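For reference, the structure is listed below as structure tokens.
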Amino acid sequence: MQYDPTNIERKWQDEWRKRHAYRVENDPARPKYYVLDMFPYPSGAGLHVGHPLGYIASDIVARYKRHNGFNVLHPMGYDSFGLPAEQYAIQTGQHPAKTTEINLARYREQLDRIGFSFDWSREVRTSDPSFYRWTQWIFLQLFDSWYDATADKARPISELIARFEQQGCTGQDANVLTGDVERFVGGFSAAEWTAFDERTKQMVLQHFRLAYLSDAWVNWCPALGTVLANDEVKDGVSERGGHPVERKRMKQWSLRITAYAQRLLDGLDGLDWSESIKEAQRNWIGRSEGATVRFPIGEDFIEVFTTRPDTLFGVSFITLAPEHVLVPKFTTPDRKAEVDAYVNSAKNRSERERQAEVDKVSGVFTGSYARHPFTGAEVPVWVGDYVLAGYGTGAVMAVPGGDQRDWRFAKHFGLPIIAVTEGADIDKEADERKDATICSEGFLKGMKVPQAITRAIQELEKLGAGEGRINFRLRDAAFGRQRYWGEPIPIYYQDGIPYPLPERELPLKLPEVDKFLPTEDGEPPLARAANWSYNGHPLETTTMPGWAGSSWYFLRYMDPHNAERFASPEAIQYWQQVDLYVGGSEHATGHLLYFRFWTKFLFDRGWITFDEPAKKLVNQGMIQGVSQVIHCLGFSMISTTCADDNSPTIPLRAAPVVLVPKDVRNRAVHYALTDDDLEVLGTLEKTVTDAVRAKFPGHRGRLFSEVGERGAIVYSRNIDIQLVDGSGVLNVALLKSSNKEFEDVMLWENGPYVCDPVVEKMSKSKFNVVNPDDIIAKYGADTLRLYEMFLGPLEQSKPWDTNGIEGTFRFLRKFWNLFHGAGDAFGVSDDAPTKPELKVLHATLKKVTEDIEKMSFNTSVAQFMIAVNELGSLKCNKRAVLEPMVIALAPFAPHIAEELWEKLGHSSSITTAPWPQWSAEHLVEDSFSYPISFNGKTRLQLEFPIALDAKSVEEQVLANPEVQARLEGKAPKKVIVVPKRIVNIVV
RNA sequence: GCCCGGGUGGUGAAAUGGUAGACACGAGGGACUUAAAAUCCCUUGGUCCGUAAGGGCUGUGCGGGUUCGAGUCCCGCCCCGGGCACCA
């Protein structure tokens, strides 16, 4: 009987569905294991072969853990709110819920065909009101919380109010209570607090809430019409779509993730995550230790942050960010015009312009002078855009002798440069060494940098001019999106003050709107909804960002249908953290950070019992596509200069395109066409002209080509990989019929045209997508699963190459054939297995068991291949060998395993079979062939009984005539015996 | 610039400091077949010697070091991938 994956897989997928084979219940009697995949955003393009890579890996672990007696939670769902569905809705007018529904059905169909063991009864969708009701609820908890830096945890806002009522709030408190300290400098007494009106109270509280509304500098993306979080902006353009992003000051919902900066940093140490992800998060959080220093200026002062207080005696000026609130105040009247002009031009520049002009120095003097806290010297105050408003205090003390950026600014404007360290050549550049000795005059002179830092901070604190401080690069996360397709923020406004919607009003469902666009006066789409209000009070019109739902979804899987809570305490208590989380590393500073943040927050407020979401994280690599590129020579124009004025003007595209090999393309681009090239071109030109005339009979013009020194139009284009065979040869006829641009395409030279392969991200727009459905139709899901795992280490990115898949398919067929006799009938023998057969079996069990634990799946697949080849040559069809082999293969190739398991006479599913244990006794060999090295080189191969200890091996080796012949009677200096490895004789 | 990874045949890749290249693809050769497909077998890092059986040398980005022995450990470079970045 032939191995027929199509029927076997259909049969078992139906069977699993009917039996609810992977449904899981909370079962406190059994140990749990939680394997989670990052749920997909269901895009319109469907799955390509790269998507299931991580899901296959996690499915193998889930199935393996089940065989080992664990109660495994292995769910799947959809991150179904997001920008693409909304963009599509804007273009087509279709409701995003509808397109999402269609995409989702397609995803499900594709996923089902791969044979995953997901418990679909626990499916979640972030866009489902029964889910986002709890996302909104968590938002309300954030709104209802403040961060107590003393207790180092979030607490209910009512406790803060109680505290204000009792003791008010002092300037000291401003540092204790993690709030928006910069904007909340003043304190108040208990009596003052009580006397505040409702509005003032609420305004004060905004400075402490973990979800708060404030005027903030945000990343505004005009093309997308929304605000973006920092991790959604890369190189000054939006991560999605690549649209320019500007800085804009807006009233904006934010989450106070900065309160958790230190804990997010510390928590990394205990996690079994890859070093690169942890490092990315550490960079993103960006902790730096230093000090704040206050420079008095009149009655006021300028506060700066520095990591190098040891260089204080080298300060020669102060620079404020253009957006700094004190700039207008410190600008002297005579400088006002110039400063205003500078500040305005700085504001109007986009982020990208600003980043592009990093090496341009610009700035302006305010006219004011501050006083140095140690020396009392006058320090000029400048404005410069190399200082960022959002970091530290938005002001720096400039030490040109110790900081290259200050140095360049000083050089440019001719400001004094003071040497701060010994051995520095300050005429050339600043000395940024952190092991130098301080040489500037003052009490720090002669000290090493670290020592001087400590001393300087002590001195600052003594004078009350500053204090030690830790700063983080991490910013609060912009949480509102001026978009339709997201969770509505459950807030209403009374007298312009935000109030939480009562819990009983949740979910606050997305309203129907006529269009998914902003209103005419620039309000978000929700403002279009009729009656978007609560008890007559207007509701918030922005929605939550894409990462809201994914920040807590792992908890919902534990108890997905609970209508009373996001998950019951029992379910949370049982399932706890995710044991294994699998997903892409591109979420390092986005999702994975918010995921940890929300978990810590829910822990603080007592809703869950752990403060990290996932113990172990594995990042699968990206499977890249191999694009096929053709190189085209386009003719620049058709001359219409001919006698007949009525001749048609033929557009550029009417001239046929000529496909050229890559080297000709390069020659043409670099203007080095040979005489031969030009000759070919001349002939082509004539042919092309004829072709154009044939097409436009009335036309008598001539093709006008410009090539070589005069500039050819040469370009490359990705073409659909379907048009190319396995060795890269283009099917020209198919190309002609598939694309109008190439309907008249001609070749530079006769013979097959070989495309130029380029490895890049797999994407629909690059025509390099490989659909898993096609692979499954040809080879079956089991082959796909095995092949994806065999391709290489899970964490590595690699290009997809369908050519290699034959090998894994052959393996499965050979495996199948072991169970089927010569007449193709199923038949296994009940005879006792032989020693070599048992050795193959146990070696495989050992390797596969160890490899799954290490998530090294490519090597376990290789082991299976070795085993099946060896068992094949041993003609082994023994039940005692094949049955454990089937179980071991089941996590990788569940369909064929299930089928063979049934044929072996089992009535229950293979998932219930206990994992076969290997035992060392079967791996012991009778003898071992030792390589004998002399001085680590020349080798002899000798056979010795394996049971011998090192000493006896040594004796036998030396007694061996061949060895003695090599030694020529001399005694060896040393003999090294590594049992089962090698014998090395040092002569 | 700073911080993480990584560099092994034609390709994807294996290798607790112990016979480098397992396994697979591709390629070459052979068997079966009228033929093709499918299947099976052999060879396959480079190089040299030998009619052959077989053997020698060399080889894991480059240069050093530790060691009886280094792809693996240490030092110094080069290159590739990723993260952060006028972050004070």
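Because the structure is predicted, anything quoted here is derived from the model rather than measured.
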Pairing nucleotide - [N], Watson-Crick or G-U, each distance under 3.5 Å:
N	result
U33(B)	none
C73(B)	G65(B)
U8(B)	none
G1(B)	C84(B)
G21(B)	none
C57(B)	G46(B)
A14(B)	none

Query raised in the report: Can you name the residues that form a side chain to side chain donor-acceptor pair (under 3.5 Å) with Tyr386(A), not counting sequence neighbours?
Result: Thr319(A), Asp406(A)
Query raised in the report: Would you say the side chains of Ser627(A) and Asn768(A) form a donor-acceptor pair under 3.5 Å?
Result: yes
Report task. Indicate whether any N or O donor in one side chain lies under 3.5 Å from an N or O acceptor in the other, for Tyr930(A) and Glu943(A). Result -> no
How would you list, by chain and number, every residue that makes a side-chain contact (heavy atoms from CB on, under 4.5 Å) with [X], sequence neighbours excluded?
X	answer
Ala370(A)	Phe295(A), Ile297(A), Ile318(A), Val381(A)
Ala862(A)	Phe790(A)
Pro416(A)	Ser316(A)

Query - OP1 or OP2 of A22(B) under 4.0 Å from side-chain N/O of Thr859(A) - result: no
**Report entry** Qualifying residues under salt bridge (charged side-chain N to carboxylate O under 4.0 Å, His left out), relative to Lys974(A), sequence neighbours excluded
**Finding:** none
Requested in this report: Taking salt bridge (charged side-chain N to carboxylate O under 4.0 Å, His left out) as the test, write out the residues that go with Asp269(A), two or more places apart.
Outcome: Arg282(A)
Please report the distance separating the [atom1] of [N] from the corresponding atom of [M], rounded so that it comes out in whole Å.
N	M	atom1	value
G9(B)	G21(B)	P	14 Å
G26(B)	A38(B)	P	10 Å
U51(B)	C41(B)	P	32 Å
G82(B)	A88(B)	P	25 Å
A70(B)	G64(B)	P	14 Å
G50(B)	G65(B)	C1'	40 Å
C23(B)	G76(B)	P	39 Å
C42(B)	C32(B)	C1'	15 Å

Query raised in the report: Do Lys951(A) and Asp949(A) meet the salt-bridge criterion of a basic N to acidic O distance under 4.0 Å?
Result: no
What does the list of N/O pairs under 3.5 Å between the protein and nucleotides 81-85 of chain B look like, with a distance for each?
| residue | atom | partner | partner atom | Å |
| --- | --- | --- | --- | --- |
| C84(B) | O2' | Arg473(A) | NH2 | 3.2 |

Report task. Kindly label the base of G12(B) as syn or anti, based on whether its glycosidic torsion lies within 90° of 0. Result -> anti
Query raised in the report: Where along residues 788-805 of chain A does a heavy atom fall under 4.0 Å from RNA chain B?
Result: Phe790(A), Leu791(A), Pro793(A), Gln796(A), Asn803(A), Gly804(A)
Report task. Return the set of residues passing ring pair (Phe, Tyr, Trp, His ring centres under 6.0 Å) with His324(A) (not counting sequence neighbours), or none when no residue passes. Result -> none
Query - Any residue meeting ring pair (Phe, Tyr, Trp, His ring centres under 6.0 Å) with Trp800(A), in chain and number order, not counting sequence neighbours - result: Tyr787(A)
Report task. Would you kindly give the CZ-to-P distance between Phe864(A) and C23(B), to the nearest whole Å? Result -> 16 Å
Report summary line: Gln863(A) atom CD is separated from A15(B) atom C1', nearest whole Å, by 14 Å
What's [X] touching, base or sugar-phosphate or nothing? Going by heavy atoms closer than 4.0 Å.
X	answer
Val861(A)	nothing
Asp406(A)	nothing
Asn471(A)	nothing
Lys814(A)	sugar-phosphate

Could you write out each protein N or O paired with an N or O of nucleotides 18-21 of chain B at a distance under 3.5 Å?
| residue | atom | partner | partner atom | Å |
| --- | --- | --- | --- | --- |
| U19(B) | N3 | Gln941(A) | NE2 | 3.3 |
| U19(B) | O4 | Gln941(A) | NE2 | 3.3 |

Report all side-chain donor-acceptor pairs from residues 304-315 of chain A shorter than 3.5 Å, counting only partners two or more places apart or in another chain.
| residue | atom | partner | partner atom | Å |
| --- | --- | --- | --- | --- |
| Thr306(A) | OG1 | Arg308(A) | N | 2.9 |
| Arg308(A) | NE | Asp310(A) | OD1 | 3.1 |
| Arg308(A) | NE | Asp310(A) | OD2 | 3.2 |
| Arg308(A) | NH2 | Asp310(A) | OD2 | 3.0 |
| Thr311(A) | OG1 | Arg308(A) | O | 2.7 |

**Report entry** Whether Phe811(A) and Phe815(A) hold their rings parallel, tilted or perpendicular, with breakpoints at 30° and 60°
**Finding:** tilted
